[in-house]
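Note sheet for the following structure.
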Amino acid sequence: MTNLRLSIHSSEHLWLRDIFLKQRKALGLSQRALCEKMGVVSSFVGKVETGDRRLDVFEFIAYCEALELNPIGIVTQIKEKFR
């Protein structure tokens, strides 16, 4: 991870979006259901999953928690996989 502003199509972003998508499906949640759970507009999850929308750190934590993922665990995986 040498570039601070990675492309939304970088392997790092693709990996993270894939983790989010697989977990949402494993929980049996539609995009709309996850949006409702998070209290966000109905297009939010779709935009995150397609890479049209980035998450800031606070959104990332809320997104992980809504997906029953440990945000610290995800950050640790990113650090181990991409550094």
- Kindly assign one of parallel, tilted or perpendicular to the pair W15 and F82, based on the angle between their ring planes and the thresholds 30° and 60°. perpendicular
- Message: I'd like to know if L34 and L27 are part of one continuous hydrophobic network [Ile/Leu/Val/Met/Phe/Trp/Tyr, side-chain heavy atoms within less than 4.5 Å].
- Response: yes
- Pairwise distance CG(L55) to CZ(R17) - rounded to 0.5 angstrom: 11.0 Å
- Message: Please evaluate residues E65 and L69 with respect to the criterion side chain to side chain contact (heavy atoms under 4.5 Å, CB included), reporting the C-alpha separation (whole Å), side-chain torsions for both, the decisive distance (0.1 Å), and the verdict.
- Response: CA-CA 6 Å; E65 290 175 346; L69 295 169; over 6 Å; no
- Decide whether Q31 and E49 meet the rule of one side-chain donor and one side-chain acceptor closer than 3.5 Å. yes
- Query: Can you find a heavy atom in the side chain of I78 that is under 4.5 Å from one in the side chain of E12?
  - Reply: no
- State yes or no: do L21 and V48 share one hydrophobic cluster built from I, L, V, M, F, W and Y residues joined by side-chain heavy-atom distances below 4.5 Å, directly or via other members? no
- Note on the structure: Heavy-atom closest pair (V41 atom, C35 atom, distance to 0.1 Å) is O-SG, 3.3 Å
- Message: Please report the interatomic distance OH(Y63) to CG(L16), rounded to the nearest 0.5 Å.
- Response: 9.0 Å
- Cluster overlap I61 with V75, hydrophobic side-chain contacts below 4.5 Å: yes
- Gap separating the CG atom of N70 from the OG1 atom of T76, nearest 0.5 angstrom: 7.5 Å
- Message: Using a 6.0 Å cut-off, check whether atom CZ of R53 has over 12 heavy atoms from anything other than its own residue.
- Response: yes
- Item | Closest non-hydrogen atom pair between R24 and L29, with its separation | NH1-O, 2.8 Å
- Calculate, to the nearest 0.5 Å, the distance between atoms OG and NZ belonging to S11 and K81 respectively. 8.0 Å
- When every non-hydrogen atom of M38 is compared with those of A66, the smallest separation belongs to CG-CB, 3.5 Å
- What's the verdict on side chain to side chain contact (heavy atoms under 4.5 Å, CB included) for I74 and F60, showing C-alpha distance, side-chain angles and the deciding distance? CA-CA 10 Å; I74 297 296; F60 170 79; 3.6 Å; yes
- Atom pair CZ (F44) and CZ (R32), whose distance is rounded to the nearest 0.5 Å: 15.0 Å
- Query: Has K47 got more than 12 heavy atoms of other residues, nucleotides or ligands less than 6.0 Å from its NZ?
  - Reply: no
